[in-house]
Amino acid sequence: MSYLEFGAIPLQVNPDLQEERDQASFHVTELTHIIDGGAEKTQLRKRLEKLIYSDPDFRRFPDVRTFGTKSEFYGASVLKSIKLFQLRKEHQWTDEESDIVHSLVDHGHALGLHHAMFIPALERLATDEQKAKWLTIAKQYKILGTYAQTELGHGTYLQGLETTATYDPGTQEFILNTPTISAMKWWPGSLGKSSNYAIVLATLITRGKRHGMHPFVVQLRSLEDHQPLPGIKVGEIGAKMGTLSTDNGYLILNNIRILRENMLMKNAQVSPDGTFTASAPNQANYATMVLLRVRISEFAYTNISKAVTIGIRYSAVRRQSKLDPEEKEAKILEYQTQQYKLFPGLALAYAILFSTKLLKKKYREAQTEIMKGNLQSLPELHCETSGSKAFCTEHMLKEVEIIRQSCGGHGYLAASGIGMMTSSSAPLVTVEGENTVMYLQVARYLLKRFSNAKSGEQIEGCTSYLSMNHAPYLCPFLSEKDCRNLSSLCDVYRYRAFIVISRVVRTVQTDIKDGLPQHDAFNKNLVHLVRAARAHCYFNVVKDFAEAVKELDASIQICTVLISLCCFFAVHGIVENSGDFLQTQTIGVEQLKWLKNLQTSLLAEIRPNAVALVDAFDYHDITLTSALGSYDGNAYERLYQSTEKDSMNSQEVHSSYHTYLKPFIQEMNKAKL
Ligand SMILES: CCCCCCCCCCCC(=O)SCCNC(=O)CCNC(=O)[C@H](O)C(C)(C)COP(=O)(O)OP(=O)(O)OC[C@H]1O[C@@H](n2cnc3c(N)ncnc32)[C@H](O)[C@@H]1OP(=O)(O)O
Ligand SMILES: Cc1cc2nc3c(=O)[nH]c(=O)nc-3n(C[C@H](O)[C@H](O)[C@H](O)COP(=O)(O)OP(=O)(O)OC[C@H]3O[C@@H](n4cnc5c(N)ncnc54)[C@H](O)[C@@H]3O)c2cc1C
């Protein structure tokens with residue numbers, strides 16, 4: 001073969017990858033249907049995929065992201081937003097259809113916050129009358145909005161927000177103001193350059209009294225020429241590690257007057273004379289964040305499933321070193337250590353998939369009640385969404401980085417697609433509630449429920465195990481074989497959570513009894529409280545995965561492979577956190593030895609189906625945008641081909657040669673030796 005042909009993509013699938021597909025024990029399409037939620041949902045996704053990727057711009061976006069400048073990418077990202085909005089309107093997409101499209105074409109786009117937060121905030125925080133006004137024009141894209149909450153000084157502590165909305169009964173207007181540098185809005189996506197409207201979260205002041213954080217609709221830019229309106233200073237906050245498609249912005253409001261009706265008044269009202277009334281607790285205004293925490297958990301699934309697809313396919317076509325000196329070099333997927341890097345991510349993807357399906361269902365049910373004014377389920381929902389968001393993103397980010405390393409040097413290339421995945425995954429542990437803070441919200445709920453249970457209340461929901469009448473604990477693993485039992489594994493996780501929670505409750509109570517004020521007693525135990533919340537979340541995800549697998553209406557082959565994967569997920573979690581399990585005496589040293597053996601046996605058991613398990617996610621090559629992970633496995637050809645797209649290779653000799661290098665070389669050659 002001449003070197004001129006190196007970049008030609010072979011027409012056939014790489015035989016090493018085909019070999020993997022041939023040995024799968026189940027039908028990939030059947031599992032794809034389960035993942036999508038049914039055959040008709042797969043058809044729907046495929047139909048949307050076809051529609052999107054028949055447009056050359058959508059096929060081009062990934063390359064602009066990989067090889068373009070920030071400004072080029074932002075421009076392409078605005079175009080992507082507009083195309084998505086036009087298609088949504090033209091085809092009257094439902095929210096579900098729109099979510100599918102977003103997961104295909106990468107969530108980030110310049111005006112992403114319009115559908116991700118602006119519209120959901122209007123739906124949740126506006127009265128019916130206000131919805132008729134704002135929601136209608138927002139859905140028609142007559143105005144383009146974002147959600148401006150975080151300030152330079154405060155992201156987590158919402159009670160500390162300094163932007164003020166002071167009511168003036170004389171004119172029946174609110175005056176929005178940024179009184180200090182730390183009060184300026186800082187971080188909101190789509191704010192810097194894209195949006196012309198925002199829901200600004202500000203501390204409401206009326207009749208001289210402060211009433212906490214409330215939402216206000218504020219016009220930022222002219223609808224004629226997009227210039228910021230008088231009194232408004234708005235711009236980009238600067239270069240970031242990733243998420244380049246979104247113009248995260250800053251915003252300074254200099255005594256901006258808005259109509260009284262621009263305060264979103266579903267949960268609290270200010271009457272024309274300035275009287276404040278609240279029809280719901282202030283936390284009802286946090287509703288948009290609750291929704292986003294569900295979405296971000298789903299986003300964690302998208303990222304980990306894409307990353308592991310790349311990692312496993314590449315590991316099946318990459319050969320390095322010899323296992324058997326008599327044989328050819330081995331696929332790196334054969335190495336147990338490589339499986340140990342990849343399969344936790346694979347199991348995590350399925351765990352998050354099943355767990356977030358359930359979370360979404362619970363969210364929908366609770367939200368229906370909340371919209372009717374029944375807020376009873378809000379505390380439980382807050383606990384579950386905060387915990388899921390923190391658990392899914394924390395584990396996803398850790399595994400994505402391990403998978404990136406599993407691709408060796410090529411994993412560091414932008415063309416691998418996996419480096420980009422790391423940088424777009426990184427902010428998810430921070431946005432929409434920083435993870436430690438979210439775990440502490442879960443811990444706070446656990447403590448309350450624990451004390452309710454202690455006082456004899458029958459606890460329901462995700463903490464029901466706290467009110468179980470705990471008989472003396474006996475480890476259910478009496479032999480290595482027992483460690484495969486999913487119900488027993490769930491029991492071990494449940495007891496671990498129960499013991500960790502009860503211990504931290506006891507410690508906090510003792511500290512308070514010994515005279516520490518409650519806040520000091522809490523701060524002295526924050527690390528243990530986070531540990532308790534993590535144990536609770538781990539138990540819930542293992543339980544959700546195990547229950548989903550048990551209830552699966554699928555072929556025996558699919559059930560068998562998913563049971564192994566679920567078992568691996570649970571066993572791996574115990575081995576990785578063995579200190580905690582030993583310390584709580586939920587397992588002993590002997591059981592740990594069995595679990596470690598089982599963990600490595602399961603690697604070998606999962607190995608033959610590894611490629612089929614990622615094929616079942618069914619990512620289109622354009623969605624994946626990875627030279628290493630494409631469906632045909634022709635990684636080297638695709639890597640070489642990608643070099644053509646790099647602007648550095650558009651000329652043989654770079655302009656810097658003429659400016660700097662040539663004079664330097666000439667100078668050096670003139671110099672006497
Ligand atoms: C398409 C995909 C795109 C995906 C594309 C990705 C786009 C990324 C977009 C990112 C957008 C953003 O980041 S938007 C900005 C997000 N910002 C955040 O998430 C801020 C995080 N901070 C908070 O949520 C809050 O300030 C807390 C929870 C930390 C503290 O709340 P607090 O009200 O000040 O104080 P606290 O004393 O802790 O709580 C008082 C009581 O309220 C309850 N509580 C607290 N929060 C809630 C809540 N949400 N719902 C119900 N109840 C709540 C507590 O349990 C407690 O109950 P009791 O114990 O009294 O009963
Ligand atoms: C890419 C990106 C996009 C974003 N998009 C938006 C947007 O569209 N709209 C918007 O309004 N905001 C947005 N944000 C802001 C985001 O919501 C905040 O950054 C996030 O809520 C965390 O708040 P913070 O930055 O104030 O972190 P901090 O709260 O300052 O956290 C710093 C550290 O302090 C710790 N800490 C803070 N409080 C406590 C506590 N009570 N107990 C224990 N530890 C604590 C944290 O655990 C963390 O380790 C975005 C941020 C990023 C990075």
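First listed ligand is number 1; within each ligand, the first listed atom is number 1.
Electrostatic pairing of E123 and K139 counts as a salt bridge here, judged by a charged N lying under 4.0 Å from a carboxylate O. The residues D95 and R88 are annotated as salt-bridged, a charged nitrogen and a carboxylate oxygen being separated by less than 4.0 angstrom. Using a cut-off of 4.0 Å between Lys/Arg side-chain N and Asp/Glu carboxylate O, D99 and R295 are scored as salt-bridged. A salt bridge links R534 with E394: the closest approach of a Lys/Arg side-chain nitrogen to an acidic carboxylate oxygen falls below 4.0 angstrom. Salt bridge D57/K80: absent, no basic N to carboxylate O contact under 4.0 Å.
Considering backbone and side-chain atoms alike, Y286 places an N or O below 3.5 Å from some N or O of ligand 1. Of the N or O atoms in Q283, one or more lie within a sub-3.5 Å distance of an N or O in ligand 1. Residue-to-ligand polar distances keep Y157 apart from ligand 1: every N/O pair is separated by 3.5 Å or more.
Near L378, the atoms of ligand 1 lying under 4.0 angstrom from a non-hydrogen atom of the residue are 51 (C). Each of the following atoms of ligand 1 lies closer than 4.0 Å to a heavy atom of Q441: 27 (C), 28 (C), 29 (C), 30 (C), 38 (O), 45 (C), 54 (C), 55 (O). The distance from ligand 1 to the heavy atoms of V437 drops below 4.0 Å at these ligand atoms: 29 (C). Listed by number with element, the atoms of ligand 1 under 4.0 angstrom from any heavy atom of V290 are 49 (N). Close approach of ligand 1 to G155 (heavy-atom distance below 4.0 Å) involves ligand atoms 20 (C). Of all atoms in ligand 1, listed by their number and element, those nearer than 4.0 Å to a heavy atom of Q159 are 32 (P), 33 (O), 34 (O), 35 (O). Close approach to V431 involves these atoms of ligand 1, each under 4.0 Å from a residue heavy atom: 10 (C), 13 (O). Near F299, meaning under 4.0 Å from any of its heavy atoms, are these atoms of ligand 1: 4 (C), 5 (C).
In this structure, of K448, M289, R444, the residue bringing a heavy atom nearest to atom 37 (O) of ligand 1 is R444. Residue nearest to atom 19 (O) of ligand 1, selected from A287, S103, G433: G433 (by heavy-atom distance). Atom 26 (O) of ligand 1 has its nearest heavy-atom neighbour, among T156, T146, T246, in T156. Counting only non-hydrogen atoms, the option in M438, K389, E434, H382 that gets closest to atom 45 (C) of ligand 1 is H382.
Screening K362, R293, K389, K361 for a salt bridge (Lys or Arg N to Asp or Glu O under 4.0 Å) involving E384 leaves a single residue, K362.
Between Y53 and H620, the angle of the ring planes lies from 30° to 60°, which puts this pair in the tilted group. Ring geometry for F276 versus H211: interplanar angle under 30°, hence parallel rather than tilted (30 to 60°). A parallel orientation is assigned to the rings of W93 and H91, their planes being inclined by less than 30° (bins at 30° and 60°).
Between Y445 and F450, the gap from one ring centroid to the other reaches at least 6.0 Å. When ring centroids are compared, Y538 and H395 come within the 6.0 Å threshold. Centroid-to-centroid, the aromatic rings of H115 and H102 stay 6.0 Å apart or farther.
In this structure, ligand 2 sits under 4.0 Å from heavy atoms belonging to L113, Y147, Q149, T150, G155, T156, W187, P188, G189, N248, P427, T430, V431, E432, G433, E434, T436, V437, L440.
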Worksheet item: Run the salt bridge (Lys or Arg N to Asp or Glu O under 4.0 Å) check on K360 and E298 step by step: do they pass?
Response: CA-CA 9 Å; K360 210 168 163 183; E298 293 181 298; 3.1 Å; yes
*asked:* Please determine whether side-chain hydrogen bond (donor to acceptor under 3.5 Å, both in side chains) holds for the pair Y301 and S103, giving the CA-CA distance in whole Å, both sets of side-chain angles, and the decisive distance to 0.1 Å.
replied: CA-CA 10 Å; Y301 161 73; S103 71; over 6 Å; no
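Of the heavy atoms in R293, only side-chain atoms (C-beta onward) come closer than 4.0 Å to ligand 1. Only the side chain of M117 comes within contact range of ligand 1, with a heavy atom under 4.0 Å; no backbone atom does.
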